[in-house]
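All of these numbers come straight from a predicted model, not from anything done at the bench. Start at 1 and go down the list; that is how both ligands and their atoms are numbered.
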Amino acid sequence: MNDVILTLNAGSSSIKFAAYRVESENLTALATGLVDGIGGAATFSVTLTGGRADKRAIAGSGPVDHKAALAAVIGWLNQSQQDCRIAAIGHRVVHGGPDFAKPILIDDLRLAQLRDLTPLAPLHQPHNLAGVDAARHAFPDATQVACFDTAFHRSHPFIADTFALPRQYYDQGIRRYGFHGLSYEFITKRLRTVAPELAAGRVIIAHLGNGASMCALREGKSISSTMGFTALDGLPMGTRCGQLDPGVVLYLITQKGMTPESVSDLLYNDCGLKGMSGLSNDMRVLADSASPRVREALQYFVARIRHELGGLAADLGGVDAIVFTGGIGEHSWSTRQAVLRGMEWLGIQLDDSANERGEQTISTPQSTTRVFVLPTDEERMIAEHTAAIAQSSGRLEHYRP
Ligand code: ADP
């Protein structure tokens, strides 16, 4: 019997999953997949490590819910990975609140605590927890672990964690939590392998995907990040606005008659690259367009990244290494070039041809700040945390990473 770790990232209309076989010293990726269209006619797709892919509709009489979506994942696992036991399931949970600074074993008490955090992330936490409910129901004997997007940032000093509101609001939990923590943690680990001396220094990571944020790290610990109370703050994103004067929200509600729900919908779903360009949230589509609005949207995106780069470098008192990651950070050489152009004052000398080729190191040997492109893997980070917790709770005795 092979032990398998399953990771689940349950959103409102999709569940992303990945499966890993537990070897004695490491985790071997078996497959990644997606159930999309939850709440309606859903599809199941999976890509096996090594390439083979499969996609099909999920048959059923009515709309597919999280439980039925997970049943499709289980059905696939049982069919394709015979002789395996789901030893543990790692869940991506967006919010760990002010207290959870690392992943946790989920039991009834912990689950209740995570439900209490729902007001902090009402659009995401309930769906994450629906995935936990479905998984606990399907695998009552498996170790269930919650991994938080916020946990990595709990090393922030007070001034990077607070807003300039009266102190009672901080005490009520209105803080800069920061997100994308699993990606930052994975990249920090990778950087320790790629450039250990730099990983111990002052590092800025730019996670540029559909969601986008940046993080400043000293000695591998987050000291500041661009996302705040919610995943709306900081950089403009695929469909989210990024930094915004709170007066705009007040104006839309009091003067334009918008409801809080419609403002929420606007800020999460119709702003950022999509809203500004009027075309798409997809960088590949935008990069091919000559429309002046698209150009302005891309210039704004780049300008905000440069602005935050300067700010985070000031927080750190200089920067030894910069890492680009996420779909755009990993693949869009033109975005990286635009961000780093004219940044010699920060010690950055870009190697243009290495950048265009998408090499791992894209700074010149003379550059005092080294610049890297490192692919992120949040699923693996979740799987590693989950395996470690399962191992320490006696579930995976043969796993000794
Ligand atoms: P998510 O935040 O949903 O995980 P990703 O990290 O997958 O998002 O990033 C999605 C973004 O990456 C999209 O804007 C997409 O256009 C962009 N992207 C993916 N591949 C490329 C590419 N080859 N060139 C430019 N942009 C790319």
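- Aromatic ring pairs are classed by plane angle as parallel below 30°, tilted from 30° to 60° and perpendicular above 60°; the pair His153 and His156 is tilted.
- Sorted pairs that involve residues 315-359 and meet ring-ring contact (aromatic ring centres under 6.0 Å, His included), not counting sequence neighbours, are lacking altogether.
- The two residues Ala88 and Ala390 come nearest to each other via the heavy atoms CB-CB, 4.0 Å.
- Ordered by chain and residue number, the residues placing a heavy atom less than 4.0 Å from ligand 1 are Gly209, Asn210, Gly211, Asn281, Asp282, Met283, Arg284, Gly326, Gly327, Ile328, His331, Ser332.
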Result block: side-chain N/O donor-acceptor pairs under 3.5 angstrom for residues 62-75, not counting sequence neighbours:
residue: Asp65; atom: OD1; partner: Lys67; partner atom: N; Å: 3.2
residue: Asp65; atom: OD1; partner: Ala68; partner atom: N; Å: 2.8
residue: His66; atom: NE2; partner: Gly11; partner atom: O; Å: 3.0

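- Residues Val285 and Val294 form no side-chain contact, since every pair of their non-hydrogen atoms from C-beta on lies 4.5 Å or further apart.
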Name each donor-acceptor pair under 3.5 Å that joins a side chain in residues 16-23 to protein atoms two or more places apart or in another chain, with its distance.
residue: Tyr20; atom: OH; partner: Arg380; partner atom: N; Å: 3.2
residue: Arg21; atom: NE; partner: Glu23; partner atom: OE2; Å: 3.1
residue: Arg21; atom: NH2; partner: Glu23; partner atom: OE2; Å: 3.4
residue: Glu23; atom: OE2; partner: Thr28; partner atom: OG1; Å: 3.0

